[in-house]
Q: 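Got a structure for you, questions after.
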Amino acid sequence: MNIVIEHNPSSIKLSELGVMSWPKWSCQPGKYALVFEERETCYLVKGKVKVYPKGSSSEFVEFGAGDLVTIPKGLSCTWEVSLFIDKHYQFDPPT
């Protein structure tokens, strides 16, 4: 699935990336079908989620509050949100 998770990145790294100036997105617990048209980097302020690639019910990655996550371009997946998500995110510019 190629999702990269960095657990508890330093405040220096977050500051260098400008994470707190990125747009915010939030969602309630539930299941969401998503397609990532561009690569996304996000930082979870709150929440917990399992991400299942399209067509899989057993393969997943899990991340949550305090994680810096990179999601590859073109990923079709289901987000199974167990705790309210509040995140900052940034998409790579279209190529």
Q: Is it the case that one hydrophobic cluster holds both Trp22 and Ile71, taking links as side-chain heavy atoms less than 4.5 Å apart, direct or via other members?
A: no

Q: So do the side chains of Lys31 and Trp79 get within less than 4.5 Å of each other, counting heavy atoms only?
A: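 When only atoms from C-beta onward are counted, Trp79 and Lys31 do not touch, as no gap falls below 4.5 Å.
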
Q: Checking Lys87 against Glu40 for the salt bridge (Lys or Arg N to Asp or Glu O under 4.0 Å) test, could you report, in this order, the C-alpha distance in whole Å, the side-chain angles of both residues, the deciding distance, and whether it holds?
A: CA-CA 12 Å; Lys87 71 173 186 169; Glu40 178 183 319; 2.5 Å; yes

Q: Roughly how far, to the nearest 0.5 Å, is the CD atom of Glu80 from the CZ atom of Phe60?
A: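 Those atoms lie 8.5 Å apart.
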
Q: Hey, does Ser57 have a side-chain heavy atom less than 4.5 Å from the side chain of Tyr52?
A: no

Q: Pick from Thr41, Asn2, Asp92: which one makes a side-chain contact (heavy atoms from CB on, under 4.5 Å) with Thr70?
A: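 Going through the options one by one, the only one that passes is Thr41.
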
Q: Is Val49 close to Leu83 at the side-chain level, that is, under 4.5 Å between some pair of heavy atoms?
A: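 SC-SC contact between Leu83 and Val49 ruled out.
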
Q: Measure from the side-chain N and O atoms of Ser21 to the backbone N and O of Gly18, and report whether any donor-acceptor pair falls under 3.5 Å.
A: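 Such a contact is found between Ser21 side chain and Gly18 backbone.
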
Q: If you group Ile, Leu, Val, Met, Phe, Trp and Tyr by side-chain heavy-atom gaps below 4.5 Å, do Leu34 and Val4 land in one group?
A: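 Leu34 and Val4: separate clusters.
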
Q: Using the rule that Ile, Leu, Val, Met, Phe, Trp and Tyr join whenever any side-chain heavy atoms are under 4.5 Å apart, tell me whether Phe36 and Val61 fall into a single cluster.
A: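 Yes, one cluster joins them.
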
Q: Taking only residues two or more places apart in sequence or in another chain, which ones pass side-chain contact (heavy atoms from CB on, under 4.5 Å) with Val45?
A: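 So Val45 forms a side-chain contact (heavy atoms from CB on, under 4.5 Å) with Tyr43, Asp86, His88.
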
Q: Does a side-chain heavy-atom distance below 4.5 Å link Leu14 with Pro9?
A: yes

Q: Look up atom NZ in Lys13 and atom CD in Glu6, then write down how far apart they are to the nearest 0.5 Å.
A: 3.5 Å

Q: When hydrophobic residues are tied together by side-chain contacts of less than 4.5 Å, even through go-betweens, does Leu68 share a cluster with Phe91?
A: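 Not linked; separate clusters.
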
Q: Could you state the interatomic distance from CD (Glu38) to NZ (Lys73), rounded to the nearest 0.5 Å?
A: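 Between atom CD of Glu38 and atom NZ of Lys73 there are 4.5 Å.
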
Q: Should we say atom NZ of Lys54 is surrounded by more than 12 heavy atoms from elsewhere, each under 6.0 Å from it?
A: no

Q: Are Val51 and Thr78 packed together at the side-chain level, in the sense that at least one heavy-atom pair is separated by less than 4.5 angstrom?
A: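 No, every pair of side-chain atoms sits at 4.5 Å or beyond.
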
Q: Please check if Leu44 and Phe84 belong to a single hydrophobic cluster, counting links between Ile, Leu, Val, Met, Phe, Trp and Tyr side chain heavy atoms closer than 4.5 Å.
A: no

Q: OG/Ser26 to CD1/Ile85 distance, rounded to the nearest 0.5 angstrom?
A: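 Result: 9.5 Å between the selected atoms.
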
Q: Among all residues two or more places apart in sequence or in another chain, which pass the side-chain contact (heavy atoms from CB on, under 4.5 Å) test with Ser82?
A: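 side-chain contact (heavy atoms from CB on, under 4.5 Å) list for Ser82, sorted by chain: Lys48.
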
